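Note that the structure is a prediction, hence the values are computed from the model and not measured.
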Amino acid sequence: MLNIQYGERESEKLDLYLPQVPSTSFPLLVYIHGGYWQFLSKEESGFMVPPLVLHGIGVMVMDYDIAPQGHMDLIVSQVRQSIAVTIQRYPQITGIYLCGHSAGAHLVAMTLCTKWSEYMVKPDIKGAVLVSGVYDLLPIIHTYVNDALKMSQTDAERNSPMRCLTQMESHIRTCQIAIVVAEHDSPEFHRQSQEYFQSLQAVGFSVTFTQIDGTDHFDVIEQLHDEKYVLTQMILEMIKKKQS
């Protein structure tokens, strides 16, 4: 099912891929694309669908207003809204699993900090896979990345997952969180991923840290089309374990 409207803005659309074998209930993986919050779309985000739907897992990919049309507060709220609308429309979903890459991993981390009562839902988020993410936005304020985003220091602080750990609701503590980096990610991606992992661990979350050898910032996620790829297997194992 393509181009399902999840909000009033023309851009607020999502695609939902249902499991290959019809079922009365199914887990759902929500994939949030990267692109420094200003590139890519859901149209390039369905590459991991085949191995997942084959295993009875639904997949949702969504569009958010990339910068400069969208600002960070709007983008974060759009991701949250797309999930809320999806679980309201499809009550047969038995568990939500989040996956994001780069800027998408940042958005997944911000989704884990959601006050869901504001969206009138309480999604059963059972797992999250954050790949090569950005968890502190302050270092990018004075870089070219912020030319389109135009974040102030206050904007960056408010939307930095590292600074939102106390906002994570109690039910998220049962969520399995996997922090993943590519071997050839830049030192800054490695630093932020390690620090976010350690911060989650310090406050008692169920979290793992994995480096995927022989990968760079891009092919670490692009290989999810391959069922035998280590990250695909990690996701399948996580869902199988949490659904049992």
Q) For the residue pair Q88 and P91, what are the closest heavy atoms and their distance? A) O-CD, 4.1 Å
Q. Considering all heavy atoms of both residues, which atom of D15 and which atom of N3 are nearest to each other, and what is their separation?
A. OD1-N, 2.8 Å
Q. Does Q38 use its side chain to pair, donor to acceptor, with the backbone of Y36 at less than 3.5 Å?
A. yes
Q) Side chains of V76 and D73: closer than 4.5 Å at any heavy-atom pair? A) no
Q: Check whether any side-chain heavy atom of M60 sits under 4.5 Å from a side-chain heavy atom of I83, and report yes or no.
A: yes
Q. When hydrophobic residues are tied together by side-chain contacts of less than 4.5 Å, even through go-betweens, does V220 share a cluster with M48?
A. yes
Q. Mind checking whether I57 and L236 have side chains closer than 4.5 Å, heavy atoms only?
A. yes
Q: Report the distance from atom CG of D216 to atom CD of E183, rounding to the nearest 0.5 Å.
A: 10.0 Å
(Q) Looking at every heavy atom in both I66 and L40, which two are closest together, and how far apart are they? (A) CG2-O, 4.1 Å
Q. Is the ring centre of Y17 less than 6.0 Å from the ring centre of Y31?
A. no
**Q.** Backbone of M110 reached by a side-chain donor or acceptor of R80 within 3.5 Å
**A.** yes
Q. For Y135, what residues pass the ring pair (Phe, Tyr, Trp, His ring centres under 6.0 Å) criterion, not counting sequence neighbours?
A. Y196
Q: Would you mind reporting whether I235 and L29 have side-chain heavy atoms less than 4.5 Å apart?
A: yes
Q.
Using only atom types and a distance under 3.5 Å, with no angle test, would you say the side chain of E44 pairs donor to acceptor with the backbone of S41?
A. yes
Q) Which of these, H71, M151, H106, sits in a side chain to side chain contact (heavy atoms under 4.5 Å, CB included) with W37? A) H106
Q) Is it true that a side-chain atom of H190 and a backbone atom of A182 form a donor plus acceptor pair closer than 3.5 Å? A) yes
Q: May I ask you to decide if T24's main-chain N or O and Q92's side chain share a donor-acceptor pair within less than 3.5 Å?
A: no
Q: Considering only NZ, NE, NH1 and NH2 on the basic side and carboxylate oxygens on the acidic side, decide whether R191 and E195 come within less than 4.0 Å.
A: yes
**Q.** Closest approach of L54 to Q20 (non-hydrogen atoms, all atoms of both residues)
**A.** CD1-OE1, 3.0 Å
Considering only distance and modelled atom types, tabulate donor-acceptor pairs under 3.5 Å from the side chains of residues 115-133, sequence neighbours left out.
from: K126; atom 1: NZ; to: T94; atom 2: O; distance (Å): 3.2
from: K126; atom 1: NZ; to: Q243; atom 2: OE1; distance (Å): 3.4
from: S132; atom 1: OG; to: D185; atom 2: OD2; distance (Å): 2.5

**Q.** Distance (rounded to the nearest 0.5 Å) between L74 CG and Y64 OH
**A.** 11.5 Å
(Q) Please evaluate residues E227 and H55 with respect to the criterion side chain to side chain donor-acceptor pair (under 3.5 Å), reporting the C-alpha separation (whole Å), side-chain torsions for both, the decisive distance (0.1 Å), and the verdict. (A) CA-CA 10 Å; E227 182 177 345; H55 284 266; 2.7 Å; yes
Q: Identify whether I172 and Y97 are in the same connected component of the hydrophobic contact network (ILVMFWY, side-chain heavy atoms under 4.5 Å).
A: no
Q. When clusters are formed by joining ILVMFWY residues with side-chain heavy atoms under 4.5 Å apart, either directly or through shared neighbours, do V59 and I96 land in the same one?
A. no
(Q) Please say yes or no: joined through hydrophobic side-chain contacts below 4.5 Å, possibly via intermediate residues, are I93 and V53 part of one cluster? (A) no
Q. From H217 NE2 over to S102 OG, what is the distance, rounded to the nearest 0.5 angstrom?
A. 3.0 Å
Q: Find the distance between CG (L231) and CG (D226) and round it off to the nearest 0.5 Å.
A: 11.0 Å
Q. Would you say the side chain of H225 lies within less than 4.5 Å of the side chain of T232, judging by non-hydrogen atoms?
A. no
**Q.** V79 with L112, same ILVMFWY side-chain cluster at under 4.5 Å
**A.** yes
Q. Where do S82 and L14 come nearest, in terms of heavy atoms and distance?
A. O-CD2, 3.9 Å
Q. Under 3.5 Å, is there a donor-acceptor pair between the side chain of Q176 and the main chain of K242?
A. no
Q: Using atom types as modelled and distance alone, determine if a side-chain donor or acceptor of Y229 lies under 3.5 Å from a backbone N or O of I221.
A: no
Q | Side-chain touch I179/T210, heavy atoms, less than 4.5 angstrom | A | no
Q: Determine the minimum heavy-atom distance between I177 and M168, stating which atoms define it.
A: CD1-CE, 4.3 Å
Q: Applying side chain to side chain donor-acceptor pair (under 3.5 Å), name anything that partners D219, two or more places apart in sequence or on another chain.
A: none
Q: Enter the distance from S152:OG to R158:CZ here, rounded to the nearest 0.5 Å.
A: 6.5 Å
(Q) Any heavy-atom pair between the side chains of V61 and V30 that's under 4.5 Å? (A) no
Q. Going by heavy atoms in the side chains, are L16 and L28 under 4.5 Å from each other?
A. yes
**Q.** Reported CG-to-OG distance for the pair L165 and S199, which is rounded to 0.5 angstrom
**A.** 5.5 Å
Q) Can you tell me if E12 uses its side chain to pair, donor with acceptor, with the backbone of E8 under 3.5 Å? A) yes
Q | Donor-acceptor side-chain pairing of D213 and Q211 below 3.5 angstrom | A | yes
Q | Over 12 non-hydrogen atoms of neighbours within 6.0 angstrom of CZ in F209 | A | yes
Q.
When you compare the side chains of E237 and Q233, does any donor N or O come within less than 3.5 Å of an acceptor on the partner?
A. no
Q: Indicate yes or no: does D63 engage K13 in a salt bridge with an N to O separation below 4.0 Å.
A: no
Q: Could you tell me whether a side-chain N or O of D136 sits under 3.5 Å from a main-chain N or O of M162, the two making a donor and an acceptor?
A: no
Q.
I'd like to know if the side chain of N146 reaches the main chain of I141, judged simply by a donor and an acceptor atom lying under 3.5 Å from each other, with no hydrogens or angles considered.
A. yes
Q: Under the side-chain contact (heavy atoms from CB on, under 4.5 Å) rule, what do S11 and Q78 come out as? Steps first, then yes or no, please.
A: CA-CA 10 Å; S11 57; Q78 287 176 322; 4.3 Å; yes
